[in-house]
Amino acid sequence: MMEWNVPFAASLEPEALAALPMAKRIVRRLSDMPGHYSDQEAVKSLLPADPLIYDFWECEYAGTGRGLSFGMTCIYPGVVGSEYHMTKGHYHLNGGDEIYVPVRGQGIILVQTRKGEAQTFNLVPGQFLYVPGHLALRTINTGDEELSVFGIWAPNIEHDYETIARTGFRRRFLRGADGAMIVENRMT
Ligand SMILES: [Fe+2]
C-alpha cells in the first residue's frame with residue numbers, strides 16, 4: 001500500500017517522480033493517437049516506427065482522506081507532419097480543477113470550453129497555470145527538447161478523452177520557418 005498518510009518530498013524532475021512508489025507510467029505513442037494529428041499521410045509514414053509522443057507519470061491519490069493527485073507529463077520534441085507533439089487532451093467529466101507547473105522545456109497549454117472557445121498560454125518557467133475543471137486542456141511541445149510539466153489535481157477525476165478524439169481542439173500548432181504557428185481548426 002502506498003504511503004499517502006506520511007509527508008514526503010521529491011524533486012520536481014521526471015526521474016524523481018518516476019521513482020516514487022505510487023507512480024504509474026502511462027505511455028502514449030503515435031499509434032495511441034493517430035487521429036489527433038491533421039496530416040494523415042505523415043501519420044501513415046511514421047506509424048511503422050511508432051514514435052513515443054509523451055509519458056505521463058501519474059500519482060493518483062489512493063488514500064482515504066481528502067488528498068491530492070499529482071503527476072508529470074513529459075512530451076518529447078518532434079512533429080507529425082508539421083504539427084508539434086502534444087498530449088491527447090481531455091475534459092474532466094465531474095469537474096475538478098488543476099494546477100500546472102512547467103519544469104523544463106518550451107511549450108503551450110491550450111484550454112477550451114465545450115463551445116470551442118479556446119485560449120492559449122505559453123508555459124513560462126517560474127510561473128504556474130490554474131485551470132478550472134470545466135475546460136478541456138492540451139499541452140504542446142513547441143521546443144527542441146523535452147517539455148516536462150508538473151500537475152496537481154483533485155482526486156477521483158473522470159477523464160474524458162473521447163470527446164476530444166471526436167471533435168478536436170479549435171487550434172493546432174504547427175512548426176513554421178520562424179517558430180510555432182497557430183492555425184484555426186474546424187471542430188467536428
Ligand atoms: Fe486533467
Side-chain angles (χ1 to χ4, degrees), residues 2 4 10 12-14 16-18 20 22-30 32-37 52-63 65-76 83-125 127-143 146-173 182 185 187:
M2 304 309 176
W4 290 92
L12 269 183
E13 293 291 336
L17 232 77
L20 290 176
M22 60 279 275
K24 185 176 135 197
R25 183 186 182 196
I26 297 168
V27 180
R28 304 288 197 206
R29 295 186 173 276
L30 181 60
D32 296 308
M33 49 187 301
H36 289 64
Y37 288 95
L52 180 58
I53 308 287
Y54 64 101
D55 273 314
F56 179 46
W57 297 99
E58 182 186 65
C59 301
E60 187 71 43
Y61 181 70
R66 302 180 68 191
L68 295 168
S69 295
F70 58 93
M72 182 87 72
T73 307
C74 304
I75 309 175
Y76 303 104
E83 191 167 4
Y84 288 110
H85 283 183
M86 59 189 177
T87 60
K88 285 184 169 186
H90 61 266
Y91 285 98
H92 293 173
L93 272 185
N94 46 352
D97 300 357
E98 196 154 0
I99 286 178
Y100 284 83
V101 184
V103 171
R104 61 165 89 135
Q106 181 188 323
I108 285 168
I109 281 190
L110 169 64
V111 299
Q112 126 180 338
T113 66
R114 284 188 182 270
K115 286 182 184 162
E117 295 149 344
Q119 227 181 324
T120 302
F121 295 88
N122 285 318
L123 286 167
V124 179
Q127 291 186 357
F128 70 91
L129 179 65
Y130 189 96
V131 182
H134 67 282
L135 297 170
L137 185 145
R138 166 175 282 167
T139 310
I140 301 111
N141 184 349
T142 56
E146 179 183 316
L147 171 66
S148 300
V149 185
F150 181 71
I152 306 165
W153 63 94
N156 304 315
I157 283 174
E158 252 185 86
H159 291 93
D160 169 17
Y161 291 96
E162 283 72 32
T163 302
I164 292 299
R166 205 174 57 244
T167 67
F169 276 85
R170 180 70 80 184
R171 293 177 184 166
R172 291 188 180 276
F173 295 83
I182 300 180
N185 184 42
M187 288 172 65

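Whatever order the structure lists ligands and atoms in, that order sets their numbers, starting from 1. Owing to the predicted nature of the structure, the values given are computational and were not obtained by experimental measurement.
With hydrogens and angles disregarded, a donor-acceptor distance shorter than 3.5 Å links the side chain of Tyr54 to the backbone of Lys88.
Judged by the 6.0 Å distance and 45° axis criteria, Arg28 is not positioned over the aromatic ring of Phe56.
With sequence neighbours excluded, the residues forming a ring-ring contact (aromatic ring centres under 6.0 Å, His included) with Tyr61 are Trp4, listed by chain and number. For the side-chain hydrogen bond (donor to acceptor under 3.5 Å, both in side chains) test, residues two or more places apart in sequence or in another chain that qualify with Tyr76 are Asp55. Qualifying side-chain contact (heavy atoms from CB on, under 4.5 Å) partners for Val124, counting only residues two or more places apart in sequence or in other chains: Asn122, Gln127.
Looking only at protein N/O/S atoms, the ones less than 2.8 Å from the Fe ion (ligand 1) make 3 in total.
Between Arg104 and Glu13, at least one side-chain nitrogen of the basic residue sits less than 4.0 Å from a carboxylate oxygen of the acidic one, meeting the salt-bridge criterion.
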